[in-house]
Protein chains: 2
Amino acid sequence: MADLNKLLTPLFLNEGEIRKIIELLFFSYRDFTEGPDKVLEKINFGRAHHRVIYFVGKQNNLTIKELLSILKITKQSLSRVLSQLVNEKYIILSVGEDKRTKKLILSKKGQELEKRLSEIQIKKIRNVLLKFSEMDIYGFKKILYEMVDDESKEKFDEINR
Amino acid sequence: MADLNKLLTPLFLNEGEIRKIIELLFFSYRDFTEGPDKVLEKINFGRAHHRVIYFVGKQNNLTIKELLSILKITKQSLSRVLSQLVNEKYIILSVGEDKRTKKLILSKKGQELEKRLSEIQIKKIRNVLLKFSEMDIYGFKKILYEMVDDESKEKFDEINR
DNA sequence: TATTTAGGTCAGCCATATTGACTTAATTAT
DNA sequence: ATAATTAAGTCAATATGGCTGACCTAAATA
């Protein structure tokens, strides 16, 4: 089975090459989150706050339930982070048409923070991608997309519909 | 400045497209770590244990200091995780030539766990990459590498020398 | 009218990280 | 030979971001 696997696996997909990708994913993700983390620290927020702000900013009038299904955390985990964001007026809650639900939007303050944080990551990515061809970038996105679970793919498609 | 930026930015690098990449990085990294996390949970370990096992397995006779510089965490953080791994005989310590240092290697038990965890990720990546061309994969790796900080690049180069 | 759903809340727990202070033993520099 | 630096370890306190379980309210739906 191992031998068969080796026979069927192209050289550029051997274990060593794949392990390099594992390492690059680790390093790149860590370095990618470092910038916003530093900014967040100054205002006593963490990465979890950024994620909430990010997705609320992306998708106006998100409900709590939808947000939870994107983040895949429990409502108790979200609660602490979200109530801080609401108390400090980064996020505004309103009642939905279904009056059991609540809709989330960013306040102006929230939009400003969102922009400040995401701009760091956007600039970083743009600076990297400028060195590559449109085809490379297209391939990169397609591979990343394929790395995502079916369930998360649905979420991604949903918020980019 | 914003206008100038827009003029100079190719369409496929506009903010919307880059935000998609931000989201794909979030979803893919989360889904990528999910498999090992589940296995680790059963033996009361966490992701931090996997990282230590991974890099010790990669680079035999790593010292504590070198490991810390790869992981970029404090020795106090490493301490808890590492002492568990040593106590439970996944990792074996020995004194280095410089007798202040310690060398880390995986025991057989450690190698087995390393393999079990990494195989999940290796298979996942291989299954994804099989759908792509060698060129796409080469581009993917190069872009990921460019996403990494200079300092981390050095670490990556070091462990893959 | 009964059940389900969306959201909230309290309490306790765990994992992973941090800072700061201090120790020991070995190596290196003066 | 002594002083300074380095590698590693340890203790204590703190923060963040998760989790489970139990329980509540109000609104929508069956």
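Just so it is clear: chains get the letters A, B, ... in the order the sequence lines come, proteins before strands, and each one is counted from 1. From a predicted model like this one, the values you see are computed outputs, not experimental measurements.
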**Nearest to side-chain heavy atoms of A:His49, which nucleotide of D:dG17, D:dG9, C:dG7** = D:dG17
**Message:** On the side chain of B:Gln76, is there an atom forming a donor-acceptor pair with the base of C:dG20 - under 3.5 Å, no angle test?
**Reply:** yes
**Request:** Check whether any side-chain heavy atom of B:Leu62 sits under 4.5 Å from a side-chain heavy atom of B:Lys103, and report yes or no.
**Result:** no
**Complete:** Only one of A:Tyr54, A:Phe32, A:Phe55 passes ring-ring contact (aromatic ring centres under 6.0 Å, His included) with B:Phe26, and that residue is A:Phe55
**Prompt:** Please, what dot-bracket string fits DNA chain D when only Watson-Crick and G-U pairs with both distances under 3.5 Å count, crossing ones use [ ] and pairs to another strand use |?
**Reply:** ||||||||||||||||||||||||||||||
**Fill in**
Residues A:Leu144 and B:Ser28: closest non-hydrogen pair is CD2-OG, 3.7 Å
**Carboxylate-amine/guanidinium contact A:Glu151 A:Lys155, below 4.0 Å** = no
**Prompt:** D:dG17 base to A:Arg80 side chain: any donor-acceptor pair below 3.5 Å?
**Reply:** yes
**Fill in**
Taking C:dA17, D:dG9, C:dG7 as options, the one with an atom nearest any side-chain atom of B:Arg51 is C:dA17
**Fill in**
Comparing B:Leu78 with B:Lys75, nearest DNA chain C nucleotide closer to 5' gives the residue B:Leu78
**Complete:** Quick note, A:Thr101 side chain, CB onward, closest among D:dA27, C:dT16, C:dG7 is C:dG7
**Item:** 5' precedence on DNA chain D between A:Asp98 and A:Gln84 (nearest-nucleotide basis)
**Value:** A:Gln84
